[in-house]
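Along the sequence shown, the residues carry numbers beginning at 1. Ligands are counted one by one from 1 in listed order, and the atoms in each one are counted from 1 as well.
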Amino acid sequence: MDNIIMKGAPAAAELAAGLKKRSEKLKALETVPCLALIRVGEEAADISYEKGLLKRAEEAGVTVKKYLFDASAGKEEILEAVRDINRDETIHGCLMFRPLKDRTAEMEVSELLDPKKDVDSMTLRSQARAYTDGSEGFYPCTAEAVMELLRYYHIDVRGKKAVVIGRSQVIGRPAAMLLLNSDATVTICHSKSNGLKDICRSADILVAAVGRAEMIDESYLGEGQIVLDVGVNTNAEGRLCGDVKESAKQELASAYTPVPGGVGSVTTAILMKHVIEAAEKGRGIYNE
Ligand code: NAP
């Protein structure tokens, strides 16, 4: 089937070009947009995401201050870093790789972080934004990246049937809410959903945020669908892959995001957008 491959790179490059101008304007006001990054342990997926993030930060004119901890670090050490980030006026945003093994520490970090610096929707105040009409806080970057790709590739979601597989607080739920806010008719599926294949086949737009390598094969897809594959997994051959089989996307979708090179590349650009926005808000020059 002739299809559009919704690559993330051009969408991210367009965003980065705009962001560079905004960070230069901030620098002229002696404000250098800065992201604090908290990483606990050496998870391969975190390190790979960090590499992409550093490249994107450089392109956008954002500096990154790293807070790195051993996997065995205690909760108090991490909380102290967050207090430091809250106090430091030269830091505008904070990203912490999640989930932490210590879920209590993760919850306490989200309670402690200054919501103004919560550029990846860790705090309840940011999370509330997707569920209300509020303008405070930031959407989770990956969910916003899904919407950005739809916008970039001129896919109108209004009135369409969207199915989101996954109900996590970081991706599935907010992605569903953002689609709903754009007037799609949304169904959210999860591991206990009955008739998953039929529900998926009935979608105009399918968002897969499952975290299971190539679980979605041809039997889940309908011809002409738009497929946004959020999953980042490793398959049996040790290769990076999505939740949806690439061959199934190629065969049946009218447009789809590849893995790698799809949603992930836009996610880091959205993160930089949030950091710059936070810095602009701090200087009182943010224009919505
Ligand atoms: P998560 O918290 O593990 O959530 C996975 C969701 O998938 C859950 O709601 C789960 O249902 C559902 N699920 C699991 N097995 C299922 C099945 N057999 N059938 C239907 N639903 C099933 O994962 P996440 O944090 O949302 O991440 C999802 C994926 O996105 C991962 O591959 C992750 O690596 C990737 N990711 C990508 C980016 C990016 O920028 N591209 C960023 C972050 C994460 P239950 O709720 O019932 O358990």
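The backbone N or O of Val210 lies less than 3.5 Å from a partner atom in the side chain of Asp243, making a donor-acceptor pair.
Leu113 belongs to a hydrophobic cluster whose remaining members, ordered by chain and number, are Ile38, Val40, Tyr67, Phe69, Ile78, Leu79, Val82, Ile85, Ile91, Met96, Leu100, Val109, Leu112, Met122; membership requires side-chain heavy atoms of ILVMFWY residues under 4.5 Å apart, directly or through intermediates.
Under a 4.0 Å N-O distance rule, the pair Arg129/Glu144 does not qualify as a salt bridge.
Both the sub-6.0 Å distance and the 45° axial angle are satisfied by Lys281 relative to the ring of Phe138.
In terms of hydrophobic clustering, with Ile, Leu, Val, Met, Phe, Trp and Tyr side chains grouped at heavy-atom distances under 4.5 Å, Met147 and Leu228 are assigned to a common cluster. Tracing side-chain contacts under 4.5 Å through hydrophobic residues (I, L, V, M, F, W, Y), one reaches Tyr256 starting from Met215; they form part of the same cluster.
Among protein residues, Thr142, Ile165, Gly166, Arg167, Ser168, Val170, Ile171, His190, Ser191, Leu196, Ala209, Val210, Gly211, Arg212, Met215, Val230, Gly231, Val232, Asn233, Val263, Gly264, Thr267 come within 4.0 Å of ligand 1, judged on heavy atoms.
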